[in-house]
Amino acid sequence: MSRKSHRRRSQQGMTLLQVLVTIAIIGIIARIGAVGYSQSTKRIASQAQAEQFRTMIRDAATMATSRSLPLTLTVASGVATLKNGTTVMRTLTVDKITTGLGTSQSINFDTTGRVSFSSAASSLSMKVNSKDKTLLVSGIGQTRWQ
């Protein structure tokens with residue numbers, strides 16, 4: 001009789017304590033995965049905005065040349081704006097990065113596509129994913145990370 005009762009007890013399944021411990025472990029692992037995924041998503045979004053901003057500079061030089069228009073690129077309130085005078089040519093949200101352009105600074109493109117900064121600089125000190133990066137901008141709008 002003792003064998004039958006022992007067999008029945010071993011076939012009853014998991015105890016409540018075992019189930020709770022298993023659920024707790026699964027919860028902890030899921031939480032760690034969610035935090036890692038969230039950080040990875042933010043990092044990728046920041047890198048994408050930095051590359052889009054870089055592309056905007058190159059495209060502005062090309063647009064200034066092809067349309068013979070003087071253009072100005074400014075950044076304010078997390079939005080990069082490319083203008084010809086008061087006409088907005090293109091905008092880009094840059095709220096996940098620091099572009100290195102203050103509200104009183106700009107990048108100017110003349111009708112031949114030549115680039116000049118409103119300050120004496122030829123590069124932007126940017127912050128992407130909390131890391132400092134330097135974007136070099138040549139006189140003809142070519143860009144390179146340093």
About how many Å separate [atom2] of [Y] and [atom1] of [X], when rounded to the nearest 0.5 Å?
{"X": "Ile28", "Y": "Ile23", "atom1": "CD1", "atom2": "CD1", "answer": "12.5 Å"}
{"X": "Gln105", "Y": "Thr74", "atom1": "CD", "atom2": "OG1", "answer": "11.5 Å"}
{"X": "Leu20", "Y": "Ile25", "atom1": "CG", "atom2": "CD1", "answer": "11.0 Å"}
{"X": "Gln47", "Y": "Lys133", "atom1": "CD", "atom2": "NZ", "answer": "6.0 Å"}
{"X": "Arg114", "Y": "Ser138", "atom1": "CZ", "atom2": "OG", "answer": "7.5 Å"}

Considering non-hydrogen atoms only, spot the tightest contact between [X] and [Y] and give its length.
{"X": "Gly113", "Y": "Ala64", "value": "CA-CB, 4.2 Å"}
{"X": "Thr72", "Y": "Ser106", "value": "CG2-CB, 3.7 Å"}
{"X": "Ala80", "Y": "Val94", "value": "N-CG2, 3.9 Å"}
{"X": "Ala61", "Y": "Gly141", "value": "CB-CA, 3.8 Å"}
{"X": "Leu69", "Y": "Met89", "value": "CD1-CE, 4.0 Å"}

Does [X] reach the side chain of [Y], with side-chain heavy atoms less than 4.5 Å apart?
{"X": "Ile57", "Y": "Leu135", "value": "yes"}
{"X": "Phe53", "Y": "Leu73", "value": "yes"}
{"X": "Arg54", "Y": "Trp145", "value": "yes"}
{"X": "Ile107", "Y": "Leu124", "value": "yes"}
{"X": "Thr111", "Y": "Pro70", "value": "yes"}
{"X": "Asn84", "Y": "Arg67", "value": "no"}
{"X": "Leu71", "Y": "Lys83", "value": "no"}

*Do Thr93 and Asp95 have side-chain N/O donor and acceptor atoms under 3.5 Å apart?*
no

Are the side chain of [X] and the backbone N or O of [Y] linked by a donor-acceptor pair below 3.5 Å?
{"X": "Thr99", "Y": "Leu101", "answer": "yes"}
{"X": "Ser66", "Y": "Thr62", "answer": "yes"}
{"X": "Thr98", "Y": "Met126", "answer": "no"}
{"X": "Thr22", "Y": "Gln18", "answer": "yes"}

_For Lys127, all residues meeting side chain to side chain donor-acceptor pair (under 3.5 Å), sequence neighbours excluded_ = Asp132

*Taking only residues two or more places apart in sequence or in another chain, which ones pass side chain to side chain donor-acceptor pair (under 3.5 Å) with Ser46?*
Asn129

_Hydrophobic clusters here meaning ILVMFWY residues chained together by side-chain heavy-atom distances under 4.5 Å, can you tell me if Ile29 and Val21 are in one?_
yes

*Arg90: partners by salt bridge (charged side-chain N to carboxylate O under 4.0 Å, His left out), with sequence neighbours left out*: Asp59

